[in-house]
Number of protein chains: 2
Amino acid sequence: MHIGQVADAAGVSAKRIRYYEQIGLIDAARRSDAGYRVYEERDLHTVHFIRRARQLGFSIPQIATLLALWRDRQRCSADVKKVALAHIEELRRKIAELQSMVDTLDDLATRCDGGSRPDCPILAELQGVGS
Amino acid sequence: MHIGQVADAAGVSAKRIRYYEQIGLIDAARRSDAGYRVYEERDLHTVHFIRRARQLGFSIPQIATLLALWRDRQRCSADVKKVALAHIEELRRKIAELQSMVDTLDDLATRCDGGSRPDCPILAELQGVGS
DNA sequence: CTACACCTTCCCATTATGGGAAGGTCAAGC
DNA sequence: GCTTGACCTTCCCATAATGGGAAGGTGTAG
């Protein structure tokens, strides 16, 4: 398989696959005489794995860890779970941060009449007047 | 005031202030004979405004808009509200995205026993087996 | 006069991509 | 055989909003 086929099959761009190779997330592919990257079924699985992990928000370093665990038949599920739980914590932290912004903004927007007058609690808050 | 004093007073780094100047978010400061940036009280207010807007998650382009509205005595509060509502929408979208990741991960993690055995629904999911 | 704190500009790094240029390859059709 | 079009290659640039650090000038206090 050439890179485009892997890309289509795994649902990622060819650029991404090259990038993953470049940073060492996946092994450098074998090359054809013309210099084209040549992939096996196995590589497709790997790229697909990476794609799904990205969809769950894992960072590239985390995915490197997960890939290593995936390949290690001797792994403990505890190690995998640890990575997942840490990620969940991080996601929850971010959600809380964003939610707190929404709460503040929602309150300000509610108190902003949205008419043609210039008075605005949103700008007042940003200005530091505290409305 | 020199840049360090503005930075301390506004709670941002001097680097950021220079960056904001560089990208045109704030006007280029007057310079002293030695080439030091010189600021007035007014500039401090602006930097403070930017900091608070950043804390609410507004992007630099959005802040440019908000700053322009802030300075415009003829503004309509509707224009400000529009920016805020669009931002709230965006935040909610991101929260939903992150929450959906958490939901999936949480389910997988719950089903992962976390012991020393290799079997792991998390890896199974990433592999595409769907456990 | 010497520290020391502060300022300046400039360049590099971050994260995970996408865009696009310049040029080589391959298969199909004429 | 030759052209065309789809594919591949590498290389460089751009993103957003900073932080780090180097090399060098400034200002003041002792």
B:Phe49 and its ring pair (Phe, Tyr, Trp, His ring centres under 6.0 Å) partner, picked from B:Phe58, B:Trp70, B:Tyr20: B:Trp70
Within residues 26-50 of chain B, residues whose heavy atoms come under 4.0 Å of DNA chain D: B:Ala34, B:Tyr36
Closest-nucleotide 5' rank along DNA chain D - winner of B:His2 and B:Tyr19: B:Tyr19
Pair A:Arg93 + A:Glu90, salt bridge at N-O below 4.0 Å: yes
For atom CD1 of A:Ile63 and atom C1' of C:dT15, their distance in whole Å: 12 Å
Lys/Arg N to Asp/Glu carboxylate O, B:Asp27 vs B:Arg42, below 4.0 Å: no
Flag side-chain contact, heavy atom, 4.5 Å: A:Asp43 against A:Glu40: yes
Rounded interatomic separation in angstrom, taking CZ from B:Arg51 and P from D:dA17: 17 Å
Between C:dG19 (P) and A:Lys15 (NZ): distance, integer Å: 8 Å
Nucleotide C:dC6, atom P - distance to CZ of B:Arg18 in whole Å: 13 Å
Closest-nucleotide 5' rank along DNA chain D - winner of B:Ile60 and A:Ile3: A:Ile3
Separation of atom CZ in B:Arg54 from atom C1' in D:dA16, rounded to whole Å: 8 Å
Listed partners of A:Glu89 passing side chain to side chain donor-acceptor pair (under 3.5 Å), at least two apart: none
Integer-rounded Å distance: D:dA16 P and B:Gln22 CD: 13 Å
All side chain to side chain contact (heavy atoms under 4.5 Å, CB included) counterparts of B:Ala34, not counting sequence neighbours: B:Ser32, B:Tyr36
Length of the line joining A:Arg16:CZ and C:dT15:P, which is rounded to integer Å: 17 Å
Rounded distance in Å - CE (A:Met1) to P (D:dC7): 15 Å
